[in-house]
Protein chains: 2
Amino acid sequence: MTPQTRRTGRTGRPPRLSQEAILTAAQRLLDEEGPEHLSMRRLAQELSSTAMALYHYVRDKDELLLLLLERHAQRFPRPALPADPRERLLAASQALHDILAECPWIVEVLASDDLMAVSALWIVENMIDAAIQCGLGPDEAVYAYRVIWYYTAGELTIRVNRVRHHAGLERPPHRDKAFAALTPDEFPRLASLAGRWDEITTRDTHREGLVAIVDGLLSRAGGARGAT
Amino acid sequence: MTPQTRRTGRTGRPPRLSQEAILTAAQRLLDEEGPEHLSMRRLAQELSSTAMALYHYVRDKDELLLLLLERHAQRFPRPALPADPRERLLAASQALHDILAECPWIVEVLASDDLMAVSALWIVENMIDAAIQCGLGPDEAVYAYRVIWYYTAGELTIRVNRVRHHAGLERPPHRDKAFAALTPDEFPRLASLAGRWDEITTRDTHREGLVAIVDGLLSRAGGARGAT
DNA sequence: ACCTGAACACCGTTCAAGT
DNA sequence: ACCTGAACACCGTTCAAGT
């Protein structure tokens, strides 16, 4: 939605708000208070305005979030991508993750389909192009992109939920229930790992997993490179 | 939370509600009206009761959802798992997906950490055990489990969001914006695929992706099998 | 054109009171 | 022990009205 601020002469009263001001305030709210505090009412209050005034600049809350992602992706430094297609696929996938890692709350919104924000389309283009150069067919390349996207989205969703719950300080009760159920005769592997579970699962394994997934996806292509 | 229905003599007034009745009603609501209509108030109304009466049987809404997952996982037929470790890892991962595919709305809740509902712990046990039998070390096996879990969670999250938006009938506006941005000179691969994008991405590629991921994860183990 | 106020139709949860 | 009613502190969004 483009704001109704059309420059058709000098009629009407001058705007006090702007999309830019709204997005800046929203980003500050997000950074300082967390996504759970970003509501239209709270945001309006931050701008000394009313919730409804915001609807002159964004169609609804979803669009507000998408605009925030767009802004974020635009500001994000676009890394130089390696020439080697496998390395390029890895680097582009990593960029996808890194851009979203700073606003994982957005995943819920843009998870509605498989295309990204306009400002991040260069990533998708590069992922698919690199996959094709690795020897995948066009359809296979799209499917490879989607597998990586699902992995990324899952990792980010789980990450944001973890911090959300950890902010609540207390361990979720169902975790304790699960650990209590870990009898060595029924669940020998889990029981033997239980003591180190938190330690093991705290490690950031995103990159490792990404490499494994990419190699698994590319192994179907017979390792051919350079072919379009 | 166990309900306060302690059988300590026959004092007090007889309960009209029960956790069972609440869960059954909640499941029906979920099936018939969708997860977005499951609220404590709506559920109470369904039971001709008040929202607060429910809080005698569940600690909060999160626990209600977890109990629903537990019930669902219990009822889910436990498939016979193949002996071959790679096949077993695949089958258990598939079971993880299939159980959750029927209630993907739960992913948000249990995504808070990496352990599952108690009734689905056999899946995690088998995934980790099979990974170890494939030649991974215990820590590597846990990490492999987590990679698969992220992929599964992402796939399910995106799926539920897709149907949620498709229920709203109209295509999300940012999709059209993204497609409009697909100029052939800037995004040659995407532009050439744009016409078939929906067709390509509609395909259910969960299984294929899973196989690729598992193979990618296991390729690090040198193909050793049978070792603990 | 830009913004406000009141209202609609909701949430989850707490708390004191009733039977 | 079990349940209710009122209240608290919120949501996103619509609509008619004001300047």
Side-chain angles (χ1 to χ4, degrees), chain A residues 1-22 25-26 29-30 33-68 105 108-109 164-165 168 170 173, chain B residues 1-22 25-26 29-30 33-68 105 108-109 164-165 168 170 173:
Chain A
M1 181 169 168
T2 66
Q4 289 100 323
T5 320
R6 290 166 222 285
R7 289 269 140 270
T8 61
R10 64 205 74 239
T11 60
R13 110 187 183 192
R16 242 183 39 207
L17 262 39
S18 71
Q19 207 179 66
E20 253 308 293
I22 290 171
L29 206 48
L30 235 24
E33 321 233 1
E36 68 274 24
H37 289 107
L38 177 59
S39 70
M40 299 303 271
R41 296 172 120 104
R42 179 83 171 72
L43 179 55
Q45 185 189 313
E46 214 73 9
L47 291 158
S48 310
S49 183
T50 68
M52 281 323 298
L54 306 179
Y55 285 86
H56 266 261
Y57 301 90
V58 294
R59 144 184 316 210
D60 52 25
K61 197 187 174 184
D62 260 23
E63 199 195 45
L64 173 67
L65 295 177
L66 255 354
L67 287 168
L68 283 170
W105 43 268
E108 278 179 63
V109 182
R164 187 142 59 197
H165 278 82
E170 12 113 39
Chain B
M1 182 169 168
T2 67
Q4 289 100 322
T5 321
R6 292 167 221 285
R7 288 272 140 269
T8 61
R10 67 203 74 241
T11 60
R13 106 186 184 194
R16 240 185 39 206
L17 262 40
S18 71
Q19 207 180 68
E20 253 307 294
I22 290 170
L29 206 48
L30 236 24
E33 321 234 2
E36 68 274 24
H37 288 106
L38 177 60
S39 70
M40 299 302 273
R41 296 172 120 106
R42 180 82 168 75
L43 178 55
Q45 184 190 312
E46 213 74 8
L47 291 158
S48 310
S49 183
T50 68
M52 282 321 299
L54 306 179
Y55 286 85
H56 268 261
Y57 301 90
V58 293
R59 146 185 313 212
D60 52 23
K61 198 187 173 185
D62 260 23
E63 200 195 43
L64 174 67
L65 295 177
L66 254 356
L67 287 168
L68 283 170
W105 44 268
E108 276 180 64
V109 182
R164 188 141 59 197
H165 278 81
E170 11 114 38

Whole-Å distance separating the CE atom of B/Met40 from the C1' atom of D/dC10 | 17 Å

Roughly, in whole Å, what's the span from CZ in B/Arg41 to P in C/dC10?
-> 11 Å

Between B/Arg16 and B/Ser48, the two heavy atoms sitting closest are NH2-O, 3.2 Å

Answer yes or no: does a side-chain N or O of A/Ser49 lie under 4.0 Å from OP1 or OP2 of C/dC3?
-> no

Please confirm whether the backbone N or O of A/Leu17 pairs with a side-chain atom of A/Tyr57, one donor and one acceptor, at under 3.5 Å?
-> yes

Paired to C/dG18 by Watson-Crick or G-U wobble criteria (both distances under 3.5 Å) is D/dC2

If pairing requires Watson-Crick or G-U wobble contacts with both distances under 3.5 Å, which nucleotide is the partner of C/dC10?
-> none

According to a strict under-4.0 Å criterion, is A/Ser39 in side-chain N/O contact with OP1 or OP2 of D/dC11?
-> yes

How far does the C1' atom of C/dC2 sit from the matching atom of D/dA17, given to the nearest Å?
-> 13 Å

Please state how far atom NZ in A/Lys61 lies from atom P in D/dT13, giving the value in whole angstrom units.
-> 8 Å

Measure the distance from CZ on B/Arg42 to P on C/dA9 and round it to the nearest whole Å.
-> 15 Å

Using atom CG of B/Leu43 as one end and atom P of C/dT13 as the other, report the distance to the nearest whole Å.
-> 13 Å

Spacing of the P atoms in C/dA9 and D/dC10 (rounded, Å) = 23 Å

Note, A/Leu64 side chain near A/Leu43 side chain (heavy atom, < 4.5 Å) | yes

OP1 or OP2 of C/dG5 under 4.0 Å from side-chain N/O of A/Thr50 | no

Indicate the atoms forming the closest heavy-atom contact of B/Ala51 with B/Ala44, along with that distance.
-> N-CB, 3.3 Å

Over all atoms of both residues, closest heavy-atom pair of A/Lys61 and A/Met40 = CG-SD, 4.0 Å

Please tell me if the side chains of A/Leu67 and A/Ile22 come closer than 4.5 Å, counting only heavy atoms from C-beta onward.
-> no

Once you round it to whole Å, what is the distance between P of C/dG12 and NE2 of B/His56?
-> 18 Å

Nearest whole angstrom, please: distance from the C1' of D/dC11 to the CG of A/Asp60.
-> 14 Å

Using a 4.0 Å heavy-atom cut-off, write out nucleotides 14-19 of chain C from 5' to 3' as B (base contacted by protein), S (sugar-phosphate only) or - (no contact).
-> BB--BB

Taking only side-chain nitrogens and oxygens of B/Tyr57, does any of them come within less than 4.0 Å of OP1 or OP2 of D/dC2?
-> no

What is the distance from CD of B/Glu36 to C1' of D/dT13, rounded to the nearest Å?
-> 17 Å

Any side-chain heavy-atom pair from B/Trp105 and B/Leu38 closer than 4.5 angstrom?
-> no

